Amino acid sequence: MRRREILIVDDNPNDVAIALRALDRAGFDAVGVARSGEEALRSLALGGESDASSLPERPSVIFLDLKMPRVDGWEVLREIRGNRRTRSIPVVILSSSDHPDDVRRCYELGANSFLKKRFDARPPGSYLADAARYWIQLNEAPRPRRDDAASDPRGAGGPA
Amino acid sequence: MFHRFPSLLRDLWLPALVALGGVAVTLVAWSLLVAQQRAHAMGQLRSVADKDRIAIHTAVDAQVSALGNLERFWGRFGPQPLPEWRFDANMIVENSPGIRWIAWVDPSGGGYRFTAPAPTSEPEPERLERALRASAPAFRGPVGDDGYEVVLPVGGGEKGVLLAVGSLSELLDPVLRDGAAGHVVEVSWNGRRVYHSGDADAHGPAWWRSEGPVALPLGSSSWTVVHRPSGEQVAAMLTPLPHAMLAGGVLFSVLLAALVHQVRLNQRTIRFLGASNRALDVRVREAAEKDAALRELNQELELRVEHRTAELAEAVEELEAFNYSVSHDLRSPIGAILNFAALLEEDYGVRLDDAGREMLSRVSASAESALELLEGLLQLSRATRAQVEPVEIDMAALARGVFAEVVAADGAEDAELSVGWLPTAFADRALLTNVLSNLFGNALKYSRGRDKQRVALTGSEGADECVYAVSDNGVGFDMRFSSKLFGVFERLHTDEEFQGSGVGLAMVARIVRRHGGRVWAEGRVDHGATFWFSLPKPGGRRP
């Protein structure tokens, strides 16, 4: 069984800290953080250059913030979905806005879930751990076909 | 009236001139024609008269000279035997028209000799006496009605007197029968009319007559012969042509004058129309120019208004975008405060004393209410920016559904909604749901604690709009503050009294206004409140 690696892409250190803590408490010990869109693409070996960082190259699930400077979340999502190798990784959008236009655009680009950042969860960030657990379990379940499984259930269990 | 005459003069001088000219020409032509007619008639009459007078003169002369021959014969040769005498005298009587009989009166010689045919009666003794007294030859008359005498002393009076008695009409008839045929001829002798032929009563015009003397032989006074035309001649020669021409000419002149007048009137009308047309043209052109200028100005104004409106819309858009992005960006830091306060309590709560925990919970509560405000602002902004897509909506059904949701969220399970008759609404479904949700939420919130929470939705339909009212039996409000009801973050109650962000009614107002409707409210402290909103009917006023 592969290590259950999670990648968080977010430029907000507060949100990252909460997420890390929540995931850690939930038992996910292999969590990498990309603090910008560029860093995320690099770590996933997308967009040409690749570096030998400690970040997982094929995480089991990616939490992706939308509003980031320069390369934003939609851009990153497009790159992930545009590459054969990363195409089937579940992507959970994590955004402070749940504007219908944003939500629709994310699903159109191939996001699996859309989560609005919540500040009322107790303990804080616990909803992220729930989502991570959901997607990882879904991926590890027996699959009828190899490649399409990841893109099929998009939105099916997503607590949007 | 003062100005009438000059204008009449101006109007009529030319037609009058034309009429006068026409009449003058007609008169001249008429007079020429009449003169010619008269001259012709007179010429004919005169030639007949001249011929007649010569003929009369010749006839009388011939008679007298034949008698003179007889007298000379008798004077030289003395009385012949009676039969021969009578033969000679009868020759004269037969060949001289007019002479009835001839007598030789010779008292000394042999008495009286008469021609045959003998006189119808014995010759009057006075007549014979008078003849005997004549010392010189004479042509005498008139005698009686019709008679005349030629007295010739025979042989210088030594051998008696030759007396020839005749009838003037018999003398003149054969002479005038040929020449004066058709004319009326009168012959006067010593002031007496002695002969007339034709219809003496026929009256031609006074100028048409010819009068002339016929000298008589033997020193007698002359005859005056008058020729006049007969009725038929007058009718034949004095044709009414000149008069007809005169009448026609005058009529023509008058008509011509009328025509000229009409033409002049028409010309003046045309001139007047032309002038007024030109004036009208000028005015139309001026008006068109003014119109064009006005239109230009209008366009400019419209352009400016459009420009300003676009600017305003842009500014509003920017403001809304700013509002949205500020609300959005504030979420993260406030959320972080909330999150870390929660973590602080979780990880270090036990190390804080009561006062510390109290402060921490105040931090959390403040951050929470700030988040709530932001949420409200975001919703408000979204309601403002959303597209309005009006559809027909069954208001009662929608209201029941929304009310059930609000009741579930609020937990006011025994709250009761009464729905009266409601006109069908024409609005954006999502936005109208928002309106009802806010109004019902408000109604439940402010009637909390009542024994029975009662909310009513009623409606009415006007000409242009439908009006709906949501009323409750809650705490109501003071009408003094009604103007603050629909402002953003305006509240009539403290958070301790009633929780709230101050955004709900503002959103209701914005949504209704975006539909082109109005909102207003009425309330009394402790006696409930009613919130009205109107929605325009389709085809009526548009937002």
Side-chain angles (χ1 to χ4, degrees), chain A residues 8-27 31 33 35-37 63-70 72-74 93-106 114-132 160, chain B residues 317 320-350 357 360-361 363-389 409 428-431 433-434 499:
Chain A
I8 297 172
V9 186
D10 197 337
D11 66 327
N12 186 326
N14 292 331
D15 294 345
V16 170
I18 297 294
L20 281 176
R21 180 191 153 102
L23 292 173
D24 182 58
R25 290 282 172 88
V31 178
V33 176
R35 295 183 188 280
S36 72
F63 287 100
L64 180 60
D65 186 22
L66 284 179
K67 304 267 166 64
M68 290 181 296
R70 297 187 297 281
D72 61 19
W74 291 290
I93 300 296
L94 198 55
S95 171
S96 49
S97 153
D98 60 351
H99 195 281
D101 288 349
D102 292 350
V103 176
R104 191 174 56 247
R105 198 171 154 208
C106 286
F114 190 105
L115 296 182
K116 188 181 176 185
K117 286 179 178 171
R118 289 169 55 190
F119 307 106
D120 56 347
R122 291 292 176 271
S126 55
Y127 66 104
L128 291 179
D130 295 343
Chain B
E317 184 79 12
E320 289 296 340
F322 176 76
N323 179 15
Y324 183 76
S325 108
V326 164
S327 326
H328 192 261
D329 291 349
L330 278 175
R331 257 193 111 234
S332 269
I334 292 168
I337 294 171
L338 206 55
N339 272 338
F340 285 104
L343 290 185
L344 193 61
E345 200 188 354
E346 194 181 316
D347 293 359
Y348 302 98
V350 289
R357 274 195 294 279
L360 196 56
S361 77
V363 168
S364 290
S366 298
E368 250 171 52
S369 72
L371 265 183
E372 207 172 297
L373 283 178
L374 284 179
E375 204 60 40
L377 272 182
L378 278 173
Q379 275 179 24
L380 187 64
S381 164
R382 210 168 287 165
T384 312
R385 284 147 66 102
Q387 284 286 323
V388 177
E389 283 162 13
D428 185 285
R429 182 173 281 277
L431 294 176
T433 304
N434 196 329
Q499 270 268 304

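Quick caveat: nothing in here was measured; it's all calculated off a predicted structure. Protein chains get the first letters and strands the later ones, always in sequence-line order, with residue 1 at the start of each.
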Applying salt bridge (Lys or Arg N to Asp or Glu O under 4.0 Å), can you list everything that pairs with A:Arg70, at least two apart in sequence or on another chain?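 Scan of A:Arg70 (salt bridge (Lys or Arg N to Asp or Glu O under 4.0 Å), adjacent residues dropped) gives A:Glu38.
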Partners meeting salt bridge (Lys or Arg N to Asp or Glu O under 4.0 Å) with B:Glu317 (sequence neighbours left out):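 Scan of B:Glu317 (salt bridge (Lys or Arg N to Asp or Glu O under 4.0 Å), adjacent residues dropped) gives none.
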Only pairs of heavy atoms separated by less than 4.5 Å count here; which of A:Pro100, A:Pro124, A:Pro123, A:Ala121 has the most with chain B?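 Counting heavy-atom pairs under 4.5 Å, the top option is A:Pro124.
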For A:Phe119 and B:Arg331, run side-chain contact (heavy atoms from CB on, under 4.5 Å): C-alpha distance rounded to whole Å, both residues' side-chain angles, the deciding distance at 0.1 Å, then the answer. CA-CA 9 Å; A:Phe119 307 106; B:Arg331 257 193 111 234; 3.7 Å; yes
When only pairs under 4.5 Å are counted, which of B:Ile337, B:Asn339, B:Ile334, B:Asp329 shares the most heavy-atom pairs with chain A?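 Result: the option with the highest number of such pairs is B:Asn339.
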Salt bridge flag under 4.0 Å for residues B:Glu375 and A:Arg118: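 A salt bridge is absent here (no side-chain N lies under 4.0 Å from a carboxylate O).
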Can you name the residues of residues 16-23 of chain A that have some heavy atom under 4.5 Å away from a heavy atom in chain B?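 The residues closer than 4.5 Å to chain B, in numerical order, are A:Ala17, A:Ile18, A:Arg21.
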Which residues share a side chain to side chain contact (heavy atoms under 4.5 Å, CB included) with B:Leu431, sequence neighbours left out: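 In terms of side chain to side chain contact (heavy atoms under 4.5 Å, CB included), with neighbours along the sequence ignored, B:Leu431 is linked to B:Ala383, B:Ala386, B:Val388, B:Asp428, B:Ile511, B:His515.
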Check step by step if side-chain contact (heavy atoms from CB on, under 4.5 Å) holds for B:Ser332 and A:Asp15. CA-CA 8 Å; B:Ser332 269; A:Asp15 294 345; 4.1 Å; yes
